[in-house]
Amino acid sequence: MNFAAFTLGIEEEYMVMDPETRELRSHEQKIVEQAQKVIKDKVKAEMHQAVVEVGTQICANIEEAWTDVTLLRKTIYEIAGNLGFSIGASGTHPFSKWEKQLITDHPRYFELVNEMQDAARSNLIYGLHVHVGMENREMAIHIANSVRYFLPHVFALSTNSPFWEGRNTGFKSFRTKVFDKFPRTGIPDYFASIEEYDNYIKLLVKTNCIDNAKKVWWDLRVHPFFNTVEFRICDVPLTVRETITLAALFQAVCVKIYKLRAINLNFILYNRALINENKWRASRYGIDGNLIDFGKEMEVNTRALIHELLDFVDDVLDDLGTREVVVQGTEDILSGGTGADKQLKVFEESGGDFTAVVDYIQSRFLA
């Protein structure tokens, strides 16, 4: 089978900080302006001025993606350093207050804040988005429907935001709790066809709920403009390797569903409400809790279910050339802990010093 259609695109959001205070700090788009001279349109501003967003080119395979993400991180890190800023990757900043952060001067963002008010102002979070290419939109909606079940499993591996505004939240990913305040977020519903999905979008536009399809912010969406399925559930990881592991996992799940479809087999479709139960558990406990195995109708150790996921995609990894990245990368997260686990460890060992946590986050950025 030819899996060439399943290209990768990766977007990451980074924290811009003051090297002295470790607080989030507005870079007044200086980093973006400088970086655009080097990496062109791979970098852009975000709603808050303490955020820089980068995106890879369309990558044919995981090696290209790894090279590109590494280049983007190095470029932003060096430019930020030269301008007197520091950079890190975490789903939330451990202690900065959103109330003090400036909004980027752009009509689109002012319009969003005007509509969403404090839900938008407080949305100071940093995510990872992974685009997996599709041969057509019909296949994209079929794959999106099926892979929803696995979102909490991969999300659990990505959890990297245990702190919010100087508090240990008790969650492994508090980023998702912050984002829940937005409309049209979370696990998407099942759509019987691409026409049904398109009609849903048209209805929202017609009734002035949204002005364009990009204001559907689900954890997974068929992209409105590209032939991709976009995974949006993950916290931005501490390291490049974790990002690549998660991206390769998403790609492998898509290819596996495609392979099943080719022999007229379908993965069982689960209700959004059920998948949401697992998402909540993943955000609260990361890889240290139990998820529900809906087939068996019982709780199962999250690590065991992630191993089942590895077994599920095993037969497509060699064709994709991602066996080592997926298997070893996942095992390393399972044994060494997620970004949240590592942040919490530093917090405990430093006697509750948030600046030590920020220093650790910064130290892992190019690791």
Side-chain angles (χ1 to χ4, degrees), residues 6 128-132 134 138-159 172-173 176 180 184-194 196-197 216-223 228-235 245-287 289-317 320 326 330 333-334 338:
F6 294 92
L128 165 72
H129 299 167
V130 177
H131 293 258
V132 180
M134 298 284 142
E138 288 75 20
M139 182 57 71
I141 201 77
H142 169 74
I143 288 175
N145 283 332
S146 300
V147 299
R148 293 176 315 138
Y149 171 75
F150 297 106
L151 289 173
H153 304 58
V154 185
F155 168 49
L157 291 165
S158 85
T159 51
K172 295 297 176 73
S173 172
T176 48
D180 281 348
R184 301 175 294 280
T185 56
I187 305 288
D189 240 324
Y190 160 82
F191 290 92
S193 65
I194 193 67
E196 187 182 314
Y197 172 74
V216 173
W217 293 293
W218 294 326
D219 294 333
L220 164 77
R221 68 181 181 189
V222 174
H223 196 277
T228 67
V229 167
E230 182 186 9
F231 294 87
R232 305 165 50 85
I233 195 169
C234 292
D235 290 358
T245 298
L246 300 172
L249 252 177
F250 283 135
Q251 181 194 42
V253 176
C254 289
V255 169
K256 175 66 180 211
I257 299 295
Y258 175 80
K259 193 173 176 181
L260 290 174
R261 174 69 176 246
I263 52 172
N264 288 323
L265 290 176
N266 278 346
F267 188 79
I268 191 163
L269 295 177
Y270 287 102
N271 185 298
R272 170 186 180 171
L274 289 177
I275 301 168
N276 260 329
E277 294 294 333
N278 273 345
K279 183 189 173 183
W280 199 93
R281 288 168 179 237
S283 70
R284 171 69 177 83
Y285 302 106
I287 55 175
N290 294 324
L291 295 179
I292 304 160
D293 183 324
F294 298 120
K296 296 175 184 161
E297 296 188 2
M298 62 185 282
E299 289 183 288
V300 178
N301 178 278
T302 299
R303 284 179 165 82
L305 277 181
I306 290 170
H307 279 121
E308 280 187 20
L309 170 58
L310 292 179
D311 290 342
F312 178 68
V313 299
D314 185 77
D315 62 334
V316 301
L317 297 180
L320 291 169
V326 168
T330 303
I333 295 171
L334 292 175
T338 67

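- In terms of modelled atom types and a separation under 3.5 Å, the side chain of R303 and the main chain of L334 share a donor-acceptor contact.
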What do the steps show when you test V253 against L309 for side-chain contact (heavy atoms from CB on, under 4.5 Å), and what is the final call? CA-CA 8 Å; V253 176; L309 170 58; 3.8 Å; yes

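- Here I187 contributes atom CD1 and I233 contributes atom CD1; the two are 4.5 Å apart, rounded to the nearest 0.5 Å.
- Between the S283 side chain and the S173 main chain, no donor and acceptor come within less than 3.5 Å of each other.
- The shortest non-hydrogen separation linking Y270 to G295 is OH-N, 3.6 Å.
- The shortest side-chain heavy-atom distance between N145 and I141 falls under the 4.5 Å cut-off.
- Separation of atoms CE (M139) and SG (C254) is listed at 11.0 Å; rounding is to 0.5 Å.
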Could you walk me through whether Q251 and V130 pass the side-chain contact (heavy atoms from CB on, under 4.5 Å) check? CA-CA 9 Å; Q251 181 194 42; V130 177; over 6 Å; no

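- The line from NE2 of H153 to OG1 of T330 is 12.5 Å long, rounded to the nearest 0.5 Å.
- A282 and A156 get closest at one heavy-atom pair: CB-CB, 3.9 Å.
- Between F231 and V154 there is no side-chain heavy-atom pair separated by less than 4.5 Å.
- Between D235 and S158, the shortest heavy-atom contact is N-OG, 3.2 Å.
- In this structure, H223 and H131 have tilted ring planes: the angle between them lies in the 30° to 60° band.
- Between F250 atom CZ and L220 atom CG the span is 8.5 Å, to the nearest 0.5 Å.
- Of the candidates R272, R184, R148, K279, D219 forms a salt bridge (charged side-chain N to carboxylate O under 4.0 Å, His left out) with just one, namely K279.
- In terms of heavy atoms, R232 sits closest to W217 at NH2-CD1, 3.3 Å.
- Inter-residue side-chain proximity for R281 and T302 is flagged as unmet; no heavy-atom pair is nearer than 4.5 Å.
- Of the inter-residue distances, the one linking N271 atom CG with E277 atom CD reads 10.0 Å to the nearest 0.5 angstrom.
- Side-chain contact between I143 and V132: absent, with no pair of heavy atoms (C-beta onward) separated by less than 4.5 Å.
- Nearest heavy atoms, Y285 versus K172: C-CG, 3.4 Å.
- Using a 4.5 Å heavy-atom cutoff, the side chains of P152 and I275 are in contact.
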Step-by-step side-chain contact (heavy atoms from CB on, under 4.5 Å) determination, L157 to L249: CA-CA 11 Å; L157 291 165; L249 252 177; 3.6 Å; yes

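- Atoms CD1 and CG, from I287 and N301 in turn, are 9.5 Å apart once rounded to the nearest 0.5 Å.
- In this pair, F267 and F150 present their aromatic rings tilted. The plane angle is within the 30 to 60° band.
- Side-chain contact between F6 and M134: present, with at least one pair of heavy atoms (C-beta onward) separated by less than 4.5 Å.
- Residues R261 and I257 form no side-chain contact, since every pair of their non-hydrogen atoms from C-beta on lies 4.5 Å or further apart.
- The backbone N or O of V222 lies less than 3.5 Å from a partner atom in the side chain of Y197, making a donor-acceptor pair.
- Minimum interatomic distance between L317 and A252 (heavy atoms only, all atoms of both residues): CD2-CB, 3.8 Å.
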Show the numbers, then the answer: is there a side-chain contact (heavy atoms from CB on, under 4.5 Å) between V316 and Y258? CA-CA 10 Å; V316 301; Y258 175 80; over 6 Å; no

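- Side-chain atoms of K256 and D315, non-hydrogen and from C-beta on, do get closer than 4.5 Å to each other.
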